[in-house]
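So the structure is just underneath, and the comments pick up after that.
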Amino acid sequence: MRAEALPTPCYLVDEGLLEQNLQVLKGVMDRTGCRILLAQKAFSLYALYPLIGRYLSGCAASGLYEAKLGKEEMGKENHVFSPAYREEDFDEILSLSDHVVFNSCAQLKKFGPRAKAAGKSVGLRINPECSTQEGHAIYDPCAPGSRLGTTRANFDPSLLPLLDGFHFHTLCEQDAEPLRRTLDAVEEKFGAFLPKLKWINFGGGHHITRPGYDIPLLEQCIRRMQQEYRLQVYLEPGEAVALNAGFLLTTVLETQQNGLDIAILDTSAACHMPDVLEMPYRPPLLNSGEAGEKPYTYRLGGPTCLAGDIIGDYSFDAPLQPGDRLVFGDMAIYSMVKNNTFNGMPLPAIALRNAGGDCRILRQFGYEDFRGRLS
């Protein structure tokens with residue numbers, strides 16, 4: 001089956017493009033000795049875990065279900081972090097995980113001895129209080145009042161015997177220079193404790209596979225921790241694994257005019273690409289331009305009742321017609337893991353495309369998937 005024959009809406013992941021990203025990440029691992037994990041919170045298409053596992057060291061999980069998925073479907077290193085663990089989940093998390101990372105000294109004191117006794121590598125997420133982002137406060141773990149990570153003022157050095165490593169995650173779709181600045185802050189606040197540890201985890205948000213990303217500077221940052229403190233370095237990118245490797249196929253349902261040309265699609269920003277509204281984020285659209293760049297400009301929106309269910313304004317060489325197919329890019333990351341069925345919207349199908357261009361549908365969703373979530 002070719003892409004033109006797939007139903008819409010449909011997420012389409014290109015295995016060849018994904019593998020190109022994995023090759024870049026494997027190169028960083030090979031040259032530095034660091035270990036890179038798939039952050040499942042961004043991309044959990046487990047049909048591709050065997051492919052990802054051929055390149056990366058394992059998975060990073062945000063709780064019990066992701067830990068279970070990583071263990072079952074990839075079976076390599078399995079790291080888990082949660083802002084707070086549920087007592088009823090913790091023993092199972094221990095059975096699934098190699099590294100268990102705590103968010104606070106209170107959580108470390110409560111659960112750390114059990115993790116240590118179970119032979120797990122124990123970490124603490126730190127907050128170096130070094131914001132490197134502008135305009136994305138919702139994704140800034142170092143913002144004032146953040147609940148994520150332990151600040152130096154709240155760190156209890158008496159718990160060091162429980163610890164094997166520090167974890168921080170402060171970046172969002174960023175280059176290596178913000179990482180360098182973050183490491184300065186980590187050393188300033190926590191440097192005295194680093195020689196007592198075995199590893200450090202740089203977290204995610206590294207856009208390593210983006211064209212122009214400063215890979216040499218990233219590798220300098222990795223070697224800095226290796227050489228100065230003899231630490232094993234981990235990174236757990238999510239976006240970099242599947243960046244620009246996925247698409248969302250959609251069909252124009254209707255066009256209308258209300259001071260501007262409008263096209264209603266069979267896909268929804270609110271339901272199928274929520275980062276469009278949260279970031280905000282304007283996804284790339286094949287064969288289109290910015291508003292006014294081409295002769296015909298349309299505001300593209302979804303079929304839900306939400307007035308703000310707007311994907312954005314795009315321009316085209318010809319007028320849009322009902323039945324036209326549009327293809328959004330960079331739709332593998334966060335879209336599938338965050339989608340929802342608001343208004344009873346059907347979830348998009350999920351398909352894979354191989355190197356020869358042939359596609360196969362992994363999953364299609366129907367009414368029972370919607371109904372089963374509600375009671």
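Ionic pairing of Glu236 and Arg35 is not present here: no N-O contact between side-chain nitrogen and carboxylate oxygen is shorter than 4.0 angstrom. Classification of Glu188 and Arg152 as a salt-bridged pair fails, no side-chain N sitting under 4.0 Å from a carboxylate O. Salt bridge present: Asp91 and Arg114 bring a charged side-chain N and a carboxylate O closer than 4.0 Å. Checked for salt-bridge contact, Arg353 and Asp358 miss the test: no charged N lies under 4.0 Å from a carboxylate O. Salt bridge status for Glu187 with Arg224: present, with a side-chain N to carboxylate O gap under 4.0 Å. A salt bridge links Lys26 with Asp30: the distance from a Lys NZ or Arg NE/NH1/NH2 to an Asp or Glu carboxylate oxygen falls below 4.0 Å. Comment: Arg210 does not engage Glu239 in a salt bridge, judged by the lack of any side-chain N to carboxylate O separation of less than 4.0 angstrom. Comment: Arg86 engages Glu88 in a salt bridge, judged by a side-chain N to carboxylate O separation of less than 4.0 angstrom.
The heavy-atom pair separating Cys142 from Ser131 by the smallest distance is O-OG, 3.3 Å. Shortest non-hydrogen contact noted between Gly292 and Thr297 is N-OG1, 2.9 Å. Thr304 and Cys271 get closest at one heavy-atom pair: CG2-SG, 4.1 Å. Considering all non-hydrogen atoms of both residues, Asp214 and Asp175 come closest at N-OD1, 3.0 Å. The two residues Pro283 and Met331 have their closest heavy-atom pair at CB-CE, 3.6 Å. Pairing each heavy atom of Cys34 with each of Leu235, the nearest pair is SG-CD1, 3.8 Å.
Of the options Leu51, Ile52, Val24, Asp14, a side-chain contact (heavy atoms from CB on, under 4.5 Å) to Glu19 is made by Leu51 and by none of the others. Phe166 pairs in a ring pair (Phe, Tyr, Trp, His ring centres under 6.0 Å) with only one of the listed residues (Phe155, Phe202, Tyr234), which is Phe155. For the side-chain contact (heavy atoms from CB on, under 4.5 Å) criterion with Tyr11, the lone passing option out of Met273, Arg363, His272 is His272.
Side-chain atoms of Pro237 and Ile36, non-hydrogen and from C-beta on, do get closer than 4.5 Å to each other. The closest side-chain heavy-atom distance from Lys116 to Pro113 is not below 4.5 Å. Within the 4.5 Å cutoff, side-chain heavy atoms of Val241 are placed close to those of Leu56. Looking at Leu352 and Leu48, their side chains come closer than 4.5 Å, going by heavy atoms from C-beta outward. For the pair Leu160/Leu163, a side-chain contact is recorded, criterion being any heavy-atom separation below 4.5 Å from C-beta on. Contact check for Leu37 versus His79: side-chain heavy atoms found under the 4.5 Å cut-off. With a 4.5 Å cut-off on side-chain heavy atoms, Pro295 and Phe316 do not count as touching. Using a 4.5 Å heavy-atom cutoff, the side chains of Ile264 and Leu300 are not in contact.
More than 12 heavy atoms of other residues, nucleotides or ligands shown are found within 6.0 angstrom of CZ on Arg181. For Tyr296, the OH atom sits in a loose shell: 12 or fewer heavy atoms of surrounding residues, nucleotides or ligands are nearer than 6.0 Å. Few gaps surround OH on Tyr213; more than 12 heavy atoms of other groups in view lie less than 6.0 Å from it. For NZ of Lys68, the number of neighbouring non-hydrogen atoms (other residues, nucleotides, ligands) closer than 6.0 Å is 12 at most. Arg360 CZ: 12 or fewer foreign heavy atoms inside a 6.0 Å radius. Surrounding CZ of Arg230 are at most 12 heavy atoms belonging to other residues, nucleotides or ligands under 6.0 Å away. For Phe365, the CZ atom is densely surrounded, since the number of other residues' heavy atoms within 6.0 Å is greater than 12.
For the pair Arg282 and Tyr314, the cation sits on the ring face: its NZ or CZ lies under 6.0 Å from the ring centre, inside 45° of the axis.
Val101 and Phe111 fall into different hydrophobic clusters, where Ile, Leu, Val, Met, Phe, Trp and Tyr are joined by side-chain heavy atoms under 4.5 Å apart, directly or via other members. Cluster membership for Leu38 and Val233, using ILVMFWY side-chain heavy atoms within less than 4.5 angstrom, is shared. At a threshold of 4.5 Å between side-chain heavy atoms, the hydrophobic network of Ile, Leu, Val, Met, Phe, Trp and Tyr places Phe328 and Leu17 in two separate groups. Leu243 and Val28 fall into different hydrophobic clusters, where Ile, Leu, Val, Met, Phe, Trp and Tyr side chains are chained together by heavy-atom contacts under 4.5 Å. When hydrophobic clusters are built by joining Ile, Leu, Val, Met, Phe, Trp and Tyr residues whose side-chain heavy atoms come closer than 4.5 Å, directly or via intermediates, Tyr298 is grouped together with Val276.
In this structure, Asp275 contributes its side chain and Ile333 its backbone to no donor-acceptor pair below 3.5 Å. Although no hydrogens or angles enter the test, the distance criterion places no donor-acceptor pair under 3.5 Å between the side chain of Thr341 and the main chain of Gly344. Between the side chain of Ser268 and the backbone N or O of Ala270, at least one donor-acceptor pair lies under 3.5 Å. Remark: the backbone N or O of Asn78 is paired with a side-chain donor or acceptor of Asp98 at under 3.5 angstrom. At distances below 3.5 Å, at least one donor-acceptor pair connects side-chain atoms of Thr150 with backbone N or O atoms of Asn103. Between the side chain of Glu219 and the backbone N or O of Leu217, no donor-acceptor pair lies under 3.5 Å. Not one N or O on the side chain of Asn21 forms a donor-acceptor pair closer than 3.5 Å with the backbone of Leu18. The main-chain N or O of Leu285 is found under 3.5 Å from a side-chain atom of Ser288 such that the two form a donor-acceptor pair. No donor-acceptor distance shorter than 3.5 angstrom exists from the side chain of Glu15 to the backbone of Ala355, with no hydrogens or angles considered. No donor-acceptor pair closer than 3.5 Å links the side chain of Asn244 to the backbone N or O of Thr209.
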### Task
Run the numbers on Leu12 and Cys359 for side-chain contact (heavy atoms from CB on, under 4.5 Å), then give the verdict.
CA-CA 8 Å; Leu12 174 62; Cys359 303; 4.0 Å; yes

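In this structure, NZ on Lys76 lies 10.5 Å from CZ on Arg54, to the nearest 0.5 angstrom. Atom-to-atom distance recorded for Ser44:OG and Met336:CE is 9.0 Å, nearest 0.5 angstrom. The CG atom of Leu183 lies 9.5 Å from the CG atom of Leu194; values are rounded to the nearest 0.5 Å. Atom-to-atom distance recorded for Ser57:OG and Gln232:CD is 8.0 Å, nearest 0.5 angstrom. Separating the OG atom in Ser82 from the CG atom in Asp89 is a distance of 9.0 Å, to the nearest 0.5 Å. With rounding to the nearest 0.5 Å, the separation of CG in Asn343 from CZ in Phe370 is 9.0 Å.
Residues His99 and Trp199 place their aromatic rings such that the two centres sit under 6.0 Å apart. Remark: aromatic rings of Phe102 and Tyr85 are close, center separation under 6.0 Å.
The aromatic rings of Tyr46 and Tyr49 stand perpendicular to each other, their planes meeting at an angle above 60°, with 30° marking the opposite boundary.
Side chains of Asn127 and Thr151: no donor on one and acceptor on the other come within 3.5 Å. Using modelled atom types and a 3.5 Å distance limit, the side chains of Thr250 and Thr267 yield no donor-acceptor pair.
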